[in-house]
Amino acid sequence: MKKGKKASAGPRSSTRKGRRRGPFEPDPRGGKPKFYITVAYPYPSGAMHVGHGRTYTVPDVIARFHRMRGENVLYPMGFHCTGTPVVGISERIARGDPKALWLYGDLYRVPRKTLEEFVKPETIVDYFSREYRRNMTDLLLGIDWRRTFKTIDPHYKRFIEWQYRNLMARERVYRGEHPVKWCPNDRNAVGDHDLLQGDRAQVTEYTLLKFRMEDGTVLPAATLRPETLFGCTNFWVRADATYRKVKVNGETWLVSGPGREKLENQQKQVEDLGEVPGGSLVGKMVKTPHTGKPVPILPAPLVDPKVGTGLVFSVPAHAPYDYMGLMDLKKAGDPAAAGMEPIPLIAVEGYGRVPAEEICRQLNVGSQTDPKLEEATETLYHDEFTRGTVNPGIPAYGGMKVAQAREKVKADLRARGEADILYDFSMFPVVCRCNTECIVKILPDQWFLKYSDPPWKQRVKEAMGAMRLVPPEVASQFLHTVDWLDDWACTRRVGLGTTFQWDPAQIVEPLSDSVIYMAYYTIAHHMRTIPLEKVGDSLFDYVLLGKGTPEKTGVGAPLARRMRGEFRYWYPYDWRFSAKDLVSNHLTFQVFHHTAIFPAKFWPRGIVVFGIGLLEGAKMSSSKGNVVLLDDALKQYGPDVVRLFLVSAAEPWQDFDWRQSAVEATREALRRFEKTVTGILHAKPAPARPGDLEAVDRWLLSRLQSRIRLAGDTLDSFQTRQAVQQAFYGMEADLRWYRRRTDTRRPGARFVLREAARAWILLMAPFTPRACARLWKRISAAPLETAPYPRADRRRVDPRAEAAEELIERTTQDIQEILRVTGKTPRSLVLYTAPEWKHRLLRLVSQKGPDIKAVMAEAQKTPGLRERLGEVAPAAKKMAALLHDLGEERVGRARGLREPEVLRGAALFLSREFHCPVEVHPADESPQDARARESLPLRPAVTIF
RNA sequence: GCAGGGGUAGCCAAGCUUGGUCAAAGGCAGCAGACUCAAGAUCUGCCCGCGUAGGCGUGCGGGGGUUCAAAUCCCCUCCCCUGCACCA
C-alpha cells in the first residue's frame with residue numbers, strides 16, 4: 001500500500017537529480033532519432049490476464065528492438081480510472097454480491113482485508129493499478145514509470161479541463177438533448193452491458209399520429225410507418241386496459257399508463273386529468289390526422305399498453321397484425337367490423353393488392369396472437385420499405401417511394417401539429433440488471449462532441465491518409481467509422497472522472513477524457529513536481545500549443561521551456577497500439593481530437609491494431625473465469641517464456657490462443673536456446689583465420705546473414721511471429737543442421753559458432769531479455785538493452801556455399817527415401833554425378849522453356865548432345881520437371897557447382913548418416929552401372945549395395 | 001440487417017497481394033528408432049493414399065469460370081468470428 005502510493009502519486013525518487021537513468025527512462029537527446037510508442041492504457045478494475053500481457057509485451061518487443069537500433073525510445077504507461085464500472089463493482093462488493101465476491105476474492109485473490117476496502121471505488125483502481133505495475137515489471141516491460149499517472153489525479157484533471165475549454169472555444173462541444181436507455185430505479189442511463197434482457201434493442205424514433213375524438217381529445221398512436229395513415233380503417237385499443245387522460249402542451253391526450261410515463265421522461269409537461277377504461281372507448285369514433293376521416297375504435301388483444309402509447313391505428317392492408325385483428329373481429333361477428341375492408345395504399349412487386357392478407361395466408365397465421373406474425377411483419381415491412389411505392393391515387397404522396405413518402409408525411413404532419421415524436425425501444429422488454437424494466441428518457445443538458453461535423457471528419461480522413469495503419473486492412477474500417485460516427489455524448493452523471501466545467505453535476509465521459517493523453521506523457525514527470533494551484537491553461541497553452549510565453553506559465557520560464565521542448569521532441573507519437581474493438585471508438589476518437597487541438601505536424605503517425613486472446617480455443621473472459629492470470633503464468637513459466645509465447649503465437653493483429661501445450665513447447669524451446677548458446681560459449685574461443693573455414697562454415701555464416709536481415713525486416717513491420725520464426729526457429733534449424741553436418745570442435749567451426757551465438761543472443765534480446773542478458777554477460781560487459789542489433793553483412797553472403805549445402809541436403813533426403821521405400825540396409829553407397837552434357841542440356845532446357853521440340857531441335861545442332869539424342873529426349877523431360885521443381889533461381893545458383901568435389905567433401909558425413917561407406921564417382925560418359933544413367937545435375941544417381 | 005475479417009491436412013497456423021519453386025513452411029498431438037537402468041529432455045525418421053529406387057494418385061469450405069497451369073485470379077453459394085455507440 002505504502003509502496004503503491006509512492007508509485008502513483010507525488011514526486012518519486014526516480015526523478016531526483018543524480019540518479020542514474022536506466023535505458024527505459026529516456027529524456028530528449030541530440031544525435032539519436034526518437035521513437036515514441038504508446039498503448040491504450042488499462043482500466044484497472046481487475047487482475048491482469050495473459051491477454052493483457054500480450055497487449056503490453058508486443059510494444060515492449062518493438063521498443064527494445066528500436067532501442068538496440070540506436071533510437072531514443074519512449075514507452076510510457078498510465079491508468080484509466082474514470083468511468084462507472086468500478087463504482088458498480090464497489091457497490092456489488094458492499095452488498096455482498098456472491099458473483100463479485102467470487103471474482104475478486106477467489107479468482108483475483110484480493111486479500112480479504114483489501115477487499116473490505118473495495119467499498120470505495122478509488123481503492124479498487126488504486127489496488128489494481130499497483131498490481132498492474134507489479135505484473136508489468138515482472139513481465140520485464142521497459143516502461144518509463146516516472147511518467148505514470150492515473151486519470152483521476154488532480155493534475156490530469158486540470159489537463160482535461162484545459163482540453164475541454166479548448167474544444168469549446170473551437171465549437172467542437174455543444175449542449176443538446178438525447179434519448180437514452182434509462183432505468184427508472186437506478187435513475188441512470190444504462191449501457192447494453194448493464195442489461196439482463198434486451199441488449200439488442202435499439203432506441204427508435206416513432207411518429208405519434210394524433211387521432212382526435214369528437215371533443216378534441218387526442219389519441220396519439222405511435223408508429224414507424226406514418227405513411228400508412230392513408231390505409232387506416234379503424235383504431236385499436238385494449239379494452240381491458242386503463243388509459244390516462246393527461247394534459248400535454250395544452251392538449252388533452254389519452255395514453256396508456258406506461259405511455260404516460262414515457263411522455264414525462266421525454267421532455268413533455270404532463271398533468272394528470274383522470275383515468276378512462278379502455279372498454280369505454282370502444283365504439284366511439286376518431287378522426288384521422290391529415291385526412292380527417294372518421295374511423296371507429298375497436299378492441300384488440302394485439303395492443304400492448306407497454307409498447308408506444310398503448311394506442312394503435314389499424315392498416316389491415318399492410319400490417320399483418322392489423323389484418324388478423326380485423327379478421328378475428330369478423331369471425332366473432334362484431335357488427336362494426338362486418339363491412340370493413342382493407343384499404344391498400346402501397347404497391348410492392350411480388351405481392352398482390354392486399355399484401356398483409358397474402359403473407360398471413362402464406363405463413364398460415366391463425367389469429368392476432370399467433371407468434372408467426374412477428375416474422376410476417378418483419379418480412380412485409382422490409383419489402384414495403386425497400387421496394388414499395390405509394391399508390392398514385394394518394395394526394396401529395398402518390399407515386400413516391402415508401403422510404404421517401406415516410407419522411408415527407410412525418411415532416412408535413414409535424415409541421416402542422418398533427419404529429420409528434422416518441423422514442424421507444426425496437427424490442428421488448430429491456431430489463432436492467434436491477435431487474436427494473438427500462439424506458440427511453442430524453443436527457444436534457446447533455447453535452448456532445450460534434451463528430452458529425454463534415455469538415456472535422458474531413459480533417460480526420462486527411463490525418464488517416466497520412467498515417468500508417470497496421471495491418472493495412474483496418475484502413476477501411478477506420479474510414480467507415482469516421483463516416484458513420486455521429487455526435488458523441490461526452491458527459492455522464494455518475495462514475496469517477498473530471499467534473500464537467502459547464503455542468504458541475506456531470507463528469508467528462510471516460511472515452512472522451514482519454515484521447516490526447518499521449519501528449520501528457522511527454523510532460524507527466526514534470527507535472528507531478530508542480531504544485532496543483534500553479535497548473536492552469538497558460539501552462540498547457542504554452543507547453544502543448546506554443547501559445548503565450550514561458551514567463552506567464554506560472555511555473556517559471558526554465559521549466560516551462562524545458563517542458564515545451566520535451567513535448568516537441570517526442571511528439572507526435574510514432575505508434576499507438578490497441579485492441580481491434582477500439583477501432584470504432586477510441587482509436588478513431590483520438591485522431592479526431594488530435595486534429596482538433598494540434599497542428600498537423602503533431603498528428604498521429606501510425607496505429608497497430610491487435611487481435612483478441614483465446615484460452616484453449618475459447619474466448620477469454622474474466623467474468624466467466626475463463627482466464628489465466630498473468631501473475632500465475634509468470635510464476636509458472638517465467639517472463640521470458642510468457643513473452644516469447646505471447647508474441648510468437650500469432651501476429652499481433654491476429655487472435656492468439658493461449659494453449660498450455662504450446663506454452664510448454666515454448667519453454668522447452670527456450671531451454672534449448674540457452675543450452676546451445678551456453679555450450680558454444682563454453683568452448684574455447686577460436687581466432688578468426690579465414691583459412692580455417694570450410695564450405696559448411698561459410699554456409700552457416702551466409703544463412704546467419706539472411707536470418708538477421710529477415711528478423712529485422714519483420715520486426716520493422718511488427719510481425720513479431722515471423723520475426724521469432726527467423727530469429728529463433730530459423731536459427732535453431734540452421735544450427736541443428738550445421739552440428740549434424742560437421743565436426744564442431746574444429747577451430748573454424750568454433751569461430752563460426754561463436755559468431756552465430758553472439759548474433760543469436762542479440763536477435764533474441766527483444767523477446768527474451770532476461771535469458772539473453774544472462775548469456776550476454778559472458779560476452780560483453782555492456783548492457784544488452786542498448787547493444788547494437790545485428791546487421792546483415794553482405795560480404796558473408798555466399799550463394800555458392802548455400803547451393804553446395806542444398807545439394808548435400810537433397811542428396812541425403814534422396815538416399816533416405818530410397819532406403820525407406822526399398823526397406824534395404826545399405827552395405828555401401830555409390831553416388832554418380834551427372835556428366836557434362838547433362839549440364840549443357842539443362843542450360844538448354846532453361847533457355848527454351850518446357851518446349852521439348854525446340855530443345856531437341858537445338859540439341860541436334862549441339863556437339864556433345866547430337867551424338868546421344870536417344871538419351872537426350874527423356875533427360876530433357878526430367879530436367880524440365882527439375883526446373884519446375886526447384887525454380888530457375890536455385891538452379892541458376894547451382895550452376896558451376898563442382899558436384900563431385902562437393903559430394904566428396906560430404907562423403908564422411910553421408911557415411912556417418914547411413915552407417916556405411918560412401919563413394920562418389922564423377923561423371924562417366926558411358927557408365928557400366930545402369931543406375932548411373934539416372935543422374936541429373938543437382939541430383940546424383942544413387943546405387944545401393 | 002450494415003460494416004470488417006476469416007474458412008488450408010488430427011489440431012493450431014504459414015502461403016493467397018506478384019498463378020507454376022506447393023503434397024503445401026513451422027508448431028502441437030501421434031508413431032518408430034537412437035541415447036538411457038528408467039522416465040523426461042535431446043537427436044533422427046514417419047505423419048493424405050498407394051508404392052521393394054528417389055515415383056504416381058488425390059487435394060487447400062461447396063459449385064462454376066479464366067488459364068498450358070489455381071490454395072493463389074473472377075463469379076455464385078454455405079458457414080464462422082468481431083464491431084454497430086453514450087460502454088471501458
Side-chain angles (χ1 to χ4, degrees), chain A residues 40 42-43 45 80 82-86 178-181 189-194 200 202-203 378 382 443 446 448-449 451 471-481 483-492 495 509-512 514 579-586 589 611-612 614 617 619 648-651 653-657 659-666 668-669 671-672 675-676 721-722 724-725 728-730 733 736 739-740 810-811 813-824 850 882-891 913 931 934 936 939-944:
Chain A
Y43 184 78
S45 65
H80 193 209
T82 41
T84 50
V86 284
H178 190 66
V180 294
K181 287 182 187 169
V190 286
D192 284 344
H193 54 282
D194 284 325
R200 288 183 53 91
Q202 294 180 335
V203 173
E378 210 170 288
H382 178 261
L443 290 180
Q446 183 60 264
F448 295 89
L449 284 162
Y451 292 147
E473 301 90 82
V474 298
S476 62
Q477 250 185 88
F478 273 108
L479 292 176
H480 180 256
T481 303
D483 282 333
W484 160 86
L485 264 178
D486 202 349
D487 294 346
W488 181 264
C490 62
T491 58
R492 258 335 80 85
E509 181 273 330
L511 281 174
S512 306
S514 297
K580 63 181 169 192
D581 46 342
L582 297 189
V583 169
S584 62
N585 45 59
H586 166 74
F589 292 0
I612 56 158
L614 304 175
K619 191 171 175 174
S648 67
E651 299 296 3
W653 41 90
Q654 299 172 322
D655 297 348
F656 80 101
D657 192 359
R659 283 169 185 265
Q660 198 181 329
S661 67
V663 180
E664 279 164 7
T666 305
E668 294 312 326
R671 260 188 209 154
R672 288 197 304 275
K675 214 176 122 193
T676 307
R721 175 191 161 88
Q722 195 52 43
V724 170
Q725 290 287 331
F728 185 75
Y729 294 100
R736 194 182 297 149
R739 307 171 115 220
R740 180 175 164 193
R810 285 172 52 82
T811 305
Q813 277 165 11
D814 269 351
I815 297 170
Q816 244 159 25
E817 182 165 2
I818 296 165
L819 294 179
R820 182 167 52 81
V821 173
T822 58
K824 284 181 180 167
L882 187 75
L883 268 167
H884 176 267
D885 268 4
L886 293 180
E888 295 280 351
E889 199 195 316
R890 281 154 88 192
V891 172
E913 285 284 307
R931 295 238 181 260
E934 306 282 321
L936 290 174
R939 181 192 254 200
V942 179
T943 307
I944 300 167

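Letters go in sequence order (proteins before strands), and every chain restarts at 1.
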Enquirer: For G59(B), what is the paired nucleotide under Watson-Crick or G-U wobble rules, both distances under 3.5 Å?
Expert: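 Pair assignment: G59(B) / none.
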
Enquirer: Whole Å only: how far is the CG atom of Asp483(A) from the P atom of C84(B)?
Expert: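 Result: 18 Å.
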
Enquirer: What's the gap between G10(B) and C60(B) when it is taken at their P atoms, as a whole Å value?
Expert: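 Taking atom P in both G10(B) and C60(B), they lie 13 Å apart.
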
Enquirer: Would you mind classifying the nucleic acid contact of Val942(A) as base, sugar-phosphate or nothing, using non-hydrogen atoms under 4.0 angstrom?
Expert: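 Counting heavy atoms under 4.0 Å across all strands, the contact made by Val942(A) includes a base.
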
Enquirer: On a whole-Å scale, what distance lies between the C1' atoms belonging to C48(B) and A71(B)?
Expert: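 Taking atom C1' in both C48(B) and A71(B), they lie 16 Å apart.
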
Enquirer: Under a 3.5 Å cut-off for both contacts, is A32(B) paired Watson-Crick or G-U wobble with anything, and if yes, with which nucleotide?
Expert: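 Partner of A32(B): U44(B).
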
Enquirer: Under 4.0 Å, counting only non-hydrogen atoms across every strand here, what does His80(A) touch: a base, just sugar-phosphate, or nothing?
Expert: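 His80(A): backbone/sugar contact only, no base atoms under 4.0 Å.
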
Enquirer: For nucleotides C73(B) and U17(B), find the distance between their C1' atoms and express it as a whole number of Å.
Expert: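 Approximately 11 Å lies between the C1' atom of C73(B) and that of U17(B).
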
Enquirer: Which nucleotide sits closest to the side chain of Glu817(A): G54(B), A85(B), C87(B)?
Expert: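 Nearest to the side chain of Glu817(A) among the choices is G54(B).
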
Enquirer: I want to confirm an ordering. Mapping Gln446(A) and Gly823(A) to their closest nucleotides on RNA chain B, which one lands closer to the 5' end?
Expert: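 That would be Gly823(A).
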
Enquirer: Heavy atoms under 4.0 Å, any strand shown: does Val180(A) hit a base, just sugar-phosphate, or nothing?
Expert: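 Since no nucleic acid heavy atom lies under 4.0 Å of Val180(A), the category is nothing.
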
Enquirer: In Å and rounded to the nearest 0.5 Å, what is the CG to NE2 distance from Leu485(A) to His480(A)?
Expert: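 These two atoms lie 10.5 Å from each other.
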
Enquirer: Out of curiosity, Leu582(A) CG to Thr481(A) OG1, how far, rounded to the nearest 0.5 Å?
Expert: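 Rounded to the nearest 0.5 Å, the CG-OG1 separation comes to 11.5 Å.
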
Enquirer: Assign Val203(A) to base, sugar-phosphate, or nothing according to its heavy-atom contacts below 4.0 angstrom with the strands shown.
Expert: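 The residue Val203(A) makes no contact with any strand.
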
Enquirer: Using the salt bridge (charged side-chain N to carboxylate O under 4.0 Å, His left out) criterion, which residues pair with Asp483(A)? Sequence neighbours excluded.
Expert: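 Partners of Asp483(A) under the salt bridge (charged side-chain N to carboxylate O under 4.0 Å, His left out) test: Lys461(A).
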
Enquirer: Please answer whether the main-chain N or O of Arg492(A) pairs with a side-chain N or O of Glu509(A) as donor and acceptor at a distance below 3.5 Å.
Expert: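 Looks like no, no N/O pair under 3.5 Å.
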
Enquirer: To the nearest Å, how far apart are Gln816(A) CD and U44(B) P?
Expert: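 Atom CD in Gln816(A) sits about 10 Å away from atom P in U44(B).
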
Enquirer: Taking the P atom in each of G51(B) and A39(B), what is the distance between them to the nearest angstrom?
Expert: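 Looking at atom P only, G51(B) and A39(B) are 33 Å apart.
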
Enquirer: Does Ile818(A) have any side chain to side chain contact (heavy atoms under 4.5 Å, CB included) partners at least two apart in sequence or in another chain, and if so, which?
Expert: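 For Ile818(A) the side chain to side chain contact (heavy atoms under 4.5 Å, CB included) partners, ignoring immediate neighbours, are Thr822(A), Val942(A), Ile944(A).
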
Enquirer: Which one is paired to G51(B), where only Watson-Crick or G-U wobble pairs with both distances under 3.5 angstrom count?
Expert: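 Pair assignment: G51(B) / none.
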
Enquirer: Name the closest nucleotide to the Tyr43(A) side chain, picking from A88(B), A3(B), G26(B).
Expert: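 In terms of side-chain proximity for Tyr43(A), the closest of A88(B), A3(B), G26(B) is A88(B).
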
Enquirer: Pick the P atom in G63(B) and in G6(B), then give their distance to the nearest Å.
Expert: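 Rounded to whole Å, the distance is 22 Å.
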
Enquirer: Compare all side-chain heavy atoms of Glu913(A) with those of Arg740(A) and state whether any distance is below 4.5 angstrom.
Expert: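 They are in side-chain contact.
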
Enquirer: Any base atoms under 4.0 Å from Pro471(A), or only sugar-phosphate, or nothing? Heavy atoms, all strands.
Expert: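 Counting heavy atoms under 4.0 Å across all strands, no contact is made by Pro471(A).
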
Enquirer: Nearest 0.5 Å, what's the CZ-OG distance between Phe589(A) and Ser584(A)?
Expert: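 Phe589(A) atom CZ to Ser584(A) atom OG measures 8.0 Å (nearest 0.5 Å).
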
Enquirer: Base, sugar-phosphate or nothing for Ile612(A)? Non-hydrogen atoms, less than 4.0 Å.
Expert: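 Result for Ile612(A) = nothing.
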
Enquirer: Check every strand shown and say whether Glu668(A) touches a base, only sugar-phosphate, or nothing at a heavy-atom separation below 4.0 Å.
Expert: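 The residue Glu668(A) makes sugar-phosphate contact but no base contact.
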
Enquirer: Which is true for Tyr729(A) with a 4.0 Å heavy-atom rule: it touches a base, it touches only sugar-phosphate, or it touches nothing?
Expert: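 The answer is nothing, as Tyr729(A) stays clear of every strand by at least 4.0 Å.
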
Enquirer: Taking atom P in both G55(B) and U8(B), compute the distance separating them and give it to the nearest angstrom.
Expert: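 Roughly 29 Å separates the two P atoms.
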
Enquirer: Does the His80(A) side chain pair with the main chain of Ala40(A), one donor and one acceptor, at a distance under 3.5 Å?
Expert: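 Looks like no, no N/O pair under 3.5 Å.
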
Enquirer: Could you check which of A88(B), C28(B), G54(B) has an atom nearest any side-chain atom of Ala665(A)?
Expert: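 Comparing A88(B), C28(B), G54(B) against the side chain of Ala665(A), the answer is C28(B).
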
Enquirer: On a whole-Å scale, what distance lies between the P atoms belonging to C78(B) and G30(B)?
Expert: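 Comparing P positions in C78(B) and G30(B) gives a spacing of 40 Å.
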
Enquirer: Picking from A88(B), C46(B), A3(B), which would you name as closest to the side chain of His480(A)?
Expert: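 Given the options A88(B), C46(B), A3(B), the side chain of His480(A) is closest to A3(B).
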
Enquirer: Specify the separation, in whole Å, of atom CZ of Phe448(A) and atom P of A85(B).
Expert: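 Between P of A85(B) and CZ of Phe448(A): 15 Å.
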
Enquirer: If I take atom CD1 in residue Ile944(A) and atom P in nucleotide G54(B), what distance separates them, rounded to the nearest angstrom?
Expert: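 So the two atoms are 11 Å apart, to the nearest Å.
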
Enquirer: Need one value for Thr481(A): base, sugar-phosphate or nothing, where a base atom within 4.0 Å counts as base even if backbone is also close, heavy atoms only.
Expert: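 It contacts nothing in the nucleic acid.
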
Enquirer: What integer distance in Å separates Glu473(A):CD from U82(B):P?
Expert: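 Distance, rounded to whole Å: 19 Å.
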
Enquirer: May I ask you to verify if any side-chain N or O of Arg740(A) is less than 4.0 angstrom from the OP1 or OP2 atom of G45(B)?
Expert: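 Affirmative; the distance criterion is met.
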
Enquirer: Name the closest nucleotide to the Trp488(A) side chain, picking from A88(B), A85(B), G4(B).
Expert: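 Per side-chain heavy atoms of Trp488(A), the pick is A85(B).
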
Enquirer: When you match Thr822(A) and Arg492(A) each to their closest nucleotide on RNA chain B, which lands nearer the 5' end?
Expert: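 Its nucleotide being nearer the 5' end, the pick is Thr822(A).
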
Enquirer: Where the side chain of Leu511(A) is concerned, which of C84(B), C43(B), A88(B) is the nearest nucleotide?
Expert: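 That would be A88(B).
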
Enquirer: From Trp488(A) CH2 over to Ser512(A) OG, what is the distance, rounded to the nearest 0.5 angstrom?
Expert: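 So the CH2 of Trp488(A) and the OG of Ser512(A) are separated by 7.0 Å.
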
Enquirer: What is the pairing partner of G1(B), taking Watson-Crick or G-U wobble pairs with both distances under 3.5 Å in any strand?
Expert: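 For G1(B), the partner nucleotide comes out as C84(B), under the 3.5 Å rule.
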
Enquirer: For the side chain of Ile818(A), counting heavy atoms from C-beta on, which of G26(B), C28(B), G54(B) is nearest?
Expert: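 Closest of the options to the side chain of Ile818(A): G54(B).
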
Enquirer: Would you check if there is a donor-acceptor pair between the side chains of Glu817(A) and Gln813(A) at a distance under 3.5 Å?
Expert: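 No - no donor-acceptor pair under 3.5 Å links their side chains.
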
Enquirer: Produce a footprint string for nucleotides 9-18 of chain B: one letter per nucleotide, 5' end first; B if the base is under 4.0 Å from any protein heavy atom, S if only the sugar-phosphate is, - if neither.
Expert: ---SSS----

Enquirer: Quick one: is Arg672(A) getting a side-chain N or O under 4.0 Å of the A41(B) phosphate, OP1 or OP2?
Expert: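 So the side-chain polar atoms of Arg672(A) never come under 4.0 Å of the phosphate oxygens OP1 or OP2 of A41(B).
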
Enquirer: Tell me whether Gln446(A) contacts the main-chain N or O of Ala489(A) through its side chain, where contact means a donor paired with an acceptor under 3.5 Å.
Expert: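 Judged by distance alone, no pair lies under 3.5 Å.
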
Enquirer: For Leu449(A) and A85(B), what is the distance between atoms CG and C1' respectively, to the nearest whole Å?
Expert: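 After rounding, the gap between these two atoms is 13 Å.
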
Enquirer: Once you round to the nearest 0.5 Å, how far does CH2 of Trp653(A) lie from CD of Glu473(A)?
Expert: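 Here the rounded value is 8.5 Å.
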
Enquirer: How close or far is atom P of G54(B) from atom CZ of Arg810(A), stated in whole angstroms?
Expert: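 After rounding, the gap between these two atoms is 14 Å.
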
Enquirer: Using a cut-off of less than 4.0 Å, is there contact between a side-chain N or O of Thr666(A) and OP1 or OP2 of G27(B)?
Expert: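 So the side chain of Thr666(A) is outside the cut-off, no N or O lying under 4.0 Å from OP1 or OP2 of G27(B).
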
Enquirer: Using the C1' atom as the point on both nucleotides, what is the distance between A69(B) and C81(B), in whole Å?
Expert: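 Each nucleotide's C1' atom is 34 Å from the other's.
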
Enquirer: Of the nucleotides C87(B), C84(B), C43(B), which has the atom closest to the Trp484(A) side chain?
Expert: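 From the listed options, C84(B) comes nearest.
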
Enquirer: So which nucleotide from A85(B), U44(B), A3(B) ends up closest to the side chain of Leu485(A)?
Expert: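 So the nucleotide nearest the side chain must be A85(B).
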
Enquirer: Check this for me: does the side-chain of Asp581(A) come within 3.5 Å of the base of A88(B) through a donor and an acceptor?
Expert: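 Absent.
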
Enquirer: Whether Arg939(A) contacts G55(B) is assessed here as follows: a side-chain N or O lying under 4.0 Å from the phosphate OP1 or OP2. Is that the case?
Expert: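 So the side chain of Arg939(A) is within the cut-off, an N or O lying under 4.0 Å from OP1 or OP2 of G55(B).
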
